[in-house]
Amino acid sequence: MKVLVVGQGGREHALVWKIAQSPKVDAVYAAPGNGGICEEATCVDIPANDLEALRDFAVKEGIDLTVVGPEEPLVRGIVDLFEEAGLTIFGPSKAAAQLEGSKAYAKNFMREMGIPTADFEVFEDPEEAKKYIEKKGAPIVVKADGLAAGKGSIVCKSVDEAKRAVDAIMVDRIFGEAGDRIVVEDFLRGEEASFIVITDGKNVVPLASSQDHKPVYDNDEGPNTGGMGAYSPAPVVTEYIHDKAMNEIVIPTIEGMAERGIPFKGVLYVGLMIEDDKYPRVLEYNVRFGDPEAQPILMRMKSDLVDALLASINGTLDSCEIEYLDDAAVCVVMASGGYPGKYEKGKEIHGLDEVAKMERVKVFHAGTKKVDGKFVTNGGRVLGVTALGKDIKEAVDRAYEAVSKISWEGVHYRKDIAKKALRRLGLI
Ligand code: AMP
Ligand code: GLY
């Protein structure tokens, strides 16, 4: 089989790495890929959002399976476009991808289905939104309706801050047309987890649990990023929480979409807020693998991912099981100093050869490229240094040992990845 992976981040590197291990796969292509991906796959210089060019390439090259990393091509309808051309592609249709593409759609759907989530209202008029905020009080959360590269949710500590967030999104339009509508919702307390499943529209196979680290600094301080590190499994997702999330959230979501004539196929990623270790509620839906969560999850996966992807497409997930190593995996993201704000690119990355000699460590590339035989930084999140260990403690120690060997000018990473898990397990 020839497989095409669309995207250029650490998640896509992990997908390429895992897919290439399948005995069914003869060749892996990536569009556009990155410095590390292009060492392991044939990179094609087509941006992830140029849907027509991707389709034309897949037709010409005879691609047997396309796997899409990021949300934007999914929300813009890449699956529909490929299927019209007779191509096989993993992921939700444009209509189903609205679960991530429009927060108002997702929240109204959850309300209709009785799926636990924060109470909310949707607004198209900033003054109405501000009146609602005054009535509700703070803390409160203001969210742009559309895609905003993971930055569209503003958690506000005061009413004034929330009103400013409304103006920033709806009047100053900092996220462009994503801010035509907003969702204003109650602030939820608890611990977050990423609950990710593969579905064929009827059957559901949960992936291993994981937890992300969104804020840029230690102790969850500073602005939110795409994710500064992740680990799997996440001890906060106990069997009790797993069953509750499946029964109260995932299964009603899949059934509700099917009832509406919009069967959801592909990856459904439910961002959970778990209160008091008892009550999981939905913060958001994503319609794709998490980044960085995909990195530790795929590193632990023993089964052939391609079998699961094909079973999702063919509607045969009821006969598919995914097995994992008992080991834990931890991914520490190394980023450019200044990210998620402004940062410089083109810094030479040192130490990758040393880390390549380490066992049970894999460095997934995100914003890198190769220039004159050397890897240089080329984005905000640069590397996802991912390690296995017999438990989270061993995995985290090994990941940081690898991180300590890698450097570039201005590098930034969190020093406390997986601390919540270590505390919960009584290991620190
Ligand atoms: P989202 O883009 O909806 O995933 O939100 C990004 C981040 O903002 C989440 O990972 C949470 O940390 C935080 N967040 C979003 N919604 C809420 C909420 N209702 N209550 C508390 N925190 C939230
Ligand atoms: N790590 C968060 C996300 O993929 O949206």
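One is the number of the first residue; the rest follow in order along the sequence. As the structure lists them, so they are numbered: ligands from 1, and atoms in each ligand from 1. Only this structure's heavy atoms are used, side chains among them; waters, hydrogens and symmetry mates stay out.
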Those atoms of ligand 1 less than 4.0 Å from some heavy atom in [X]:
X: Phe187; result: 20 (N), 21 (C)
X: Lys143; result: 3 (O), 15 (C), 16 (N)
X: Lys214; result: 10 (O)
X: Glu185; result: 16 (N), 17 (C), 18 (C), 19 (N)
X: Asn224; result: 6 (C), 7 (C), 8 (O)
X: Lys103; result: 2 (O), 3 (O)

Heavy-atom contacts under 4.0 Å between Arg189 and ligand 1: side chain, backbone, both, or neither?
neither
Can you tell me which residue and heavy atom of the protein come closest to [atom], and the distance to 0.1 Å?
atom: atom 20 (N) of ligand 1; result: Leu188 N, 2.7 Å
atom: atom 2 (O) of ligand 1; result: Ser153 OG, 2.9 Å
atom: atom 10 (O) of ligand 1; result: Glu192 OE1, 2.7 Å
atom: atom 13 (C) of ligand 1; result: Val155 CG2, 3.8 Å

Ignoring hydrogens, just give me the one of Leu283, Leu272, Thr117 whose non-hydrogen atom is nearest atom 23 (C) of ligand 1.
Leu283
With no hydrogens and no angle check, just 3.5 Å: does a side-chain donor-acceptor pair link Ser312 and Asp200?
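Distance-only check fails for Ser312 and Asp200.
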Between ligand 1 and Val141, is the shortest N or O to N or O distance under 3.5 Å?
no
In terms of ring plane angle, is the pair Phe109 and Tyr105 parallel, tilted or perpendicular, where the classes change at 30° and 60°?
parallel
Would you call Glu191-Lys278 a salt bridge at under 4.0 Å N-O?
no
Asp416 and Arg414 ion-paired at < 4.0 Å
yes
Value rounded to 0.5 Å, distance of CG in Asp220 from NZ in Lys419
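That separation rounds to 11.5 Å.
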Spatial distance of atom CD1 (Ile274) from atom OH (Tyr279) [nearest 0.5 Å]:
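With rounding to 0.5 Å, CD1 (Ile274) is 13.5 Å from OH (Tyr279).
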I would like to know whether Lys265 and Thr199 meet side-chain hydrogen bond (donor to acceptor under 3.5 Å, both in side chains); could you show each step before the answer?
CA-CA 5 Å; Lys265 284 183 166 205; Thr199 171; over 6 Å; no
For the side chain of Arg76 and the backbone of Asn49, is there at least one donor-acceptor N/O pair under 3.5 Å apart?
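Yes: the side chain of Arg76 pairs with the backbone of Asn49.
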So, does Asn34 use its side chain to make a donor-acceptor pair with the main chain of Lys369 at under 3.5 Å?
no
Passing option when Glu121 is tested against Lys103, Lys143, Arg111 for salt bridge (charged side-chain N to carboxylate O under 4.0 Å, His left out)
Arg111
Among Arg398, Lys390, Lys302, Arg360, exactly one meets salt bridge (charged side-chain N to carboxylate O under 4.0 Å, His left out) together with Asp327. Which residue is that?
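Result: among Arg398, Lys390, Lys302, Arg360, Arg360 is the only option passing the salt bridge (charged side-chain N to carboxylate O under 4.0 Å, His left out) with Asp327.
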Quick one: does Asp186 get a heavy atom under 4.0 Å from ligand 1?
yes
Quick one, list the residues around ligand 2 where some non-hydrogen atom comes in under 4.0 Å, by chain and residue number.
Asp212, Lys214, Gly226, Tyr269, Asn286, Arg288, Gly290, Asp291, Pro292, Glu293
Please evaluate residues Phe289 and Tyr269 with respect to the criterion ring pair (Phe, Tyr, Trp, His ring centres under 6.0 Å), reporting the C-alpha separation (whole Å), side-chain torsions for both, the decisive distance (0.1 Å), and the verdict.
CA-CA 7 Å; Phe289 289 98; Tyr269 161 155; 9.7 Å; no
Could you list the donor-acceptor pairs under 3.5 angstrom formed by side chains in residues 163-179, with sequence neighbours left out?
from   : atom 1 : to     : atom 2 : distance (Å)
Lys163 : NZ     : Glu134 : OE2    : 2.4
Asp167 : OD1    : Lys130 : NZ     : 3.0
Asp167 : OD2    : Lys130 : NZ     : 3.2
Arg173 : NH1    : Asp180 : OD1    : 3.0
Arg173 : NH2    : Asp180 : OD1    : 2.9

